[in-house]
Amino acid sequence: MAIIKAQKGTKDILPADIGLWHFMEKTALDIFSRYGAKEIRTPIFEATELFARGVGDTTDIVNKEMYTFEKSERSLTLRPENTAGVVRSFIENGMHRLSAPVKLWYKGPMFRYERPQAGRQRQFHQVGVEVFGIKQPTADAEVIFMATNYLKALGLNNLSVEINSLGCPDCREIFKSKLKEVLKPYLSEMCPDCQTRYEKNPLRLLDCKVPECNEIYAKPEIQSVIQSDFICDDCSSHFEELKTYLNELKIDYSINKLLVRGLDYYNRTVFEIKSNSLGSQNAVCGGGRYDSLVKNLGGEDTPAIGFAMGMERLAALLNEKMEYKTHAFVISNNSLEAIKLTEEVRNAGFSCEFDLTNKKFVKQLEKASKVAKYALILGEDEIAQNKVTVKNLETSEQKTVNRDSKFFI
RNA sequence: GCGCCUGUCGUCAAGUGGUCAAGACCUCGGAUUGUGGUUCCGAUAUGCAUGGGUUCGAAUCCCAUCAGGCGCCCCA
């Protein structure tokens with residue numbers, strides 16, 4: 001009979017890798033807590049409309065990548081990202097009445113119907129942070145600190161931070177129309193993708209990889225528009241203040257004027273953190289400010305900023321195996337005594353196992369050396385004297401001690 | 001949705017039309033009569049993703065399907 005396999009783009013996280021995931025999750029709790037962030041867990045599925053209104057119905061994520069299904073005449077969707085869900089919960093639970101800022105973090109699976117490739121799955125995991133209620137750039141800085149400190153705590157150093165400001169809706173519209181105007185004469189020479197982007201999201205034109213397009217965009221009159229500081233005075237001073245904080249705190253970053261991001265809700269600050277050892281899906285973190293999303297979803301007008309990180313991509317960079325070893329393995333040909341001692345050690349708070357099949361001494365020791373740090377040898381002599389021989393399986397040191405002493409620590 | 005590549009034991013892998021489909025690791029059994037990870041012996045694919053086709057003969061050639069990898073698009 002044919003076996004049933006995991007679905008395309010989904011993966012098991014096996015015991016051999018789970019240590020790494022526990023490490024990422026524990027570090028998230030540890031680091032984000034230092035900033036006063038609290039974990040929130042929202043449902044895996046939400047009303048489809050939440051994503052259409054929240055993420056934006058012109059985005060690819062909403063247009064072609066959602067897992068949507070009908071149940072009891074409702075249209076439901078497996079969350080493709082978690083900002084919309086967290087915002088929904090923020091509004092629904094009246095969190096705007098909590099003392100600002102409200103700092104939330106989350107981790108969990110997300111679902112996007114895409115062609116899988118390196119660093120991209122259909123079910124993948126994100127860990128992210130959202131900070132609500134602060135319009136000042138101090139929040140932008142703090143969110144970027146949270147991201148960089150988390151990555152540092154994981155032991156990831158060779159990552160580059162890129163930032164940009166998209167401006168507010170007003171100044172962005174002016175920039176968009178300027179850009180479209182200067183590009184209009186070349187529209188017919190651009191690649192088909194760029195022609196649709198020209199209408200849909202002109203800002204995205206700029207990081208096209210087709211050589212012909214790049215030639216066009218390299219023209220002086222177009223570069224002068226791209227490189228111009230189009231953002232208004234308020235947006236500009238917000239961005240300058242953020243840069244001051246990053247400079248003073250010695251965060252290594254660069255400004256990428258082409259950094260746009262694909263979700264509709266961003267304004268002002270956007271940022272990405274990239275690795276150069278991940279192939280083409282190289283962003284481990286993406287985030288930005290979304291000051292109008294809470295209001296657009298029906299809540300009180302509340303500024304907000306956040307980020308999300310792809311945990312599979314982090315795991316790919318953290319290639320160390322963190323396999324758990326059992327603390328102790330009891331070796332004895334007396335099953336009853338082995339059970340008793342094993343339970344004693346477990347009750348003292350340590351992981352412990354014994355050979356359930358009562359194999360020969362040598363086999364038990366061999367098994368112990370594979371799975372445990374210590375062997376607790378309980379032979380005829382030890383039982384008779386109420387003792388146990390404790391052997392360190394890495395150093396081979398061993399000593400025989402009284403059974404009731406704290407030998408296992 | 002598009003392009004390129006791949007699919008042999010749990011894992012890595014040899015084999016490119018004609019002996020019983022190498023080998024290694026893992027796993028399991030045994031030997032060495034209480035000391036392993038670093039000894040020795042043995043077991044483990046009538047099967048080469050699946051379904052068709054070509055051929056006297058196919059894991060090896062062809063087609064389709066499925067799955068995987070990489071890239072485009074997009075994104076974490």
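Heavy-atom basis, side chains included; hydrogens, waters and symmetry copies ignored. Computed from a predicted model, the values in this text were never measured in an experiment. We name chains A, B, ... by the order of the sequence lines, and we start the count at 1 in each one.
Pairing for B/rC2 goes to B/rG71, judged as Watson-Crick or G-U wobble with the two contacts each under 3.5 Å. When both pairing distances are held under 3.5 Å, B/rA13 makes no Watson-Crick or G-U pair with any nucleotide shown. Searching all strands for a Watson-Crick or G-U wobble partner of B/rC56 with both distances below 3.5 Å returns B/rG18. Within the shown strands, B/rU27 is the pairing partner of B/rA43 under the Watson-Crick or G-U definition, both distances less than 3.5 Å. In a base pair of the Watson-Crick type (N1 to N3 plus N6-O4 or O6-N4) or a G-U wobble (N1-O2 and O6-N3), with each distance short of 3.5 Å, B/rG51 is matched with B/rC63.
Among B/rG69, B/rG29, B/rC73, the nucleotide with an atom closest to any side-chain atom of A/Gln281 is B/rC73. Comparing B/rG34, B/rC72, B/rG69 against the side chain of A/Glu382 picks out B/rG34 as the nearest. Closest to the side chain of A/Lys11, out of B/rU35, B/rG29, B/rG69, is B/rG69. Of all nucleotides listed (B/rA76, B/rG34, B/rC72), B/rA76 comes nearest to the side chain of A/Arg313. Taking every side-chain heavy atom of A/Lys363 into account, B/rG30 is the closest of B/rG37, B/rA76, B/rG30. With B/rA76, B/rU35, B/rA67 as the candidates, the nucleotide lying closest to the side chain of A/Lys5 is B/rA67.
Between A/Val270 and the options A/Ile163, A/Asn164, A/Asn256, a side chain to side chain contact (heavy atoms under 4.5 Å, CB included) holds for only A/Asn164. Of the residues listed (A/Glu312, A/Glu114, A/Glu65), the one engaging A/Arg120 in a salt bridge (Lys or Arg N to Asp or Glu O under 4.0 Å) is A/Glu114, and it is the only one.
Remark: the separation of the P atoms in B/rC72 and B/rC56 is 47 Å, to the nearest Å. Comparing the P positions of B/rG15 and B/rC9 gives an interatomic distance of 16 Å, to the nearest angstrom. For the C1' atoms, the distance from B/rC2 to B/rA45 is 38 Å, rounded to whole Å. When the P atom is compared between B/rC41 and B/rC26, the two are found 15 Å apart, to the nearest whole Å. Atom name P, nucleotides B/rU16 and B/rU60: the rounded distance is 12 Å, in whole Å. Taking atom C1' on both B/rG51 and B/rG42, the two are 39 Å apart, rounded to the nearest angstrom. For the C1' atom pair drawn from B/rC61 and B/rG1, the interatomic distance equals 31 Å after rounding to whole Å. Between B/rA64 and B/rA22, the two P atoms lie 32 Å apart (nearest whole Å).
For A/Leu259 and B/rC74, the CG to P distance is 14 Å, given to the nearest whole Å. Atom CD in A/Glu366 sits about 12 Å away from atom C1' in B/rU32, given to the nearest Å. The interatomic distance linking A/Lys370 (NZ) with B/rC25 (P) rounds to 13 Å, in whole Å. Taking atom CD of residue A/Glu114 and atom P of nucleotide B/rC70, one finds them 14 Å apart after rounding to whole Å. Atom CZ in A/Arg115 sits roughly 11 Å away from atom C1' in B/rC72 (whole-Å rounding). Counting to the nearest Å, the P atom of B/rG36 and the CD atom of A/Gln398 are 11 Å from each other. Put simply, CZ on A/Phe111 is 19 Å from C1' on B/rC74, counting in whole angstrom units. As rounded to whole Å, 7 Å separates atom C1' of B/rG36 from atom NZ of A/Lys391.
Within 4.0 Å (heavy atoms only), A/Leu393 reaches at least one base atom of the nucleic acid. Within the 4.0 angstrom heavy-atom criterion, base atoms lie near A/Gly119. Residue A/Glu312 is classed as having no contact, given no heavy-atom separation below 4.0 Å to the nucleic acid. Within the 4.0 angstrom heavy-atom criterion, no nucleotide atom of any strand lies near A/Gly287. Within the 4.0 angstrom heavy-atom criterion, no nucleotide atom of any strand lies near A/Asn333. Within 4.0 Å (heavy atoms only), A/Glu272 reaches no atom of the nucleic acid at all.
Distances shorter than 4.0 Å separate none of the side-chain N or O atoms of A/Lys360 from OP1 or OP2 on B/rG29. For B/rG68, the OP1/OP2 oxygens have a side-chain nitrogen or oxygen of A/Lys8 closer than 4.0 Å. Contact annotation: A/Gln117 reaches the phosphate of B/rG71 (side-chain N/O to OP1 or OP2, under 4.0 Å). Between A/Lys64 and B/rC73 there is no side-chain N or O to OP1 or OP2 distance below 4.0 Å.
A donor-acceptor contact under 3.5 angstrom links the side chains of A/Thr389 and A/Glu382, judged on distance only. Side-chain contact check for A/Thr326 and A/Glu353: at least one donor-acceptor pair (N or O, by modelled atom type) lies under 3.5 Å. Residues A/Thr395 and A/Glu397 have side chains that bring a donor and an acceptor to within less than 3.5 angstrom of each other. Of the N and O atoms on the side chains of A/Asn358 and A/Asn333, at least one donor lies less than 3.5 Å from an acceptor on the other residue. Using modelled atom types and a 3.5 Å distance limit, the side chains of A/Tyr265 and A/Asn296 yield no donor-acceptor pair.
Of the two residues contacting RNA chain B, namely A/Glu380 and A/Ala308, the nearest-nucleotide position lying further toward the 5' end is that of A/Glu380. Between A/Ala372 and A/Gly286, the residue anchored closer to the 5' end of RNA chain B is A/Ala372, taking for each the nucleotide with the nearest heavy atom.
Using the six-membered ring where Trp is involved, A/Tyr374 and A/His327 have ring planes that are tilted, between 30° and 60° apart.
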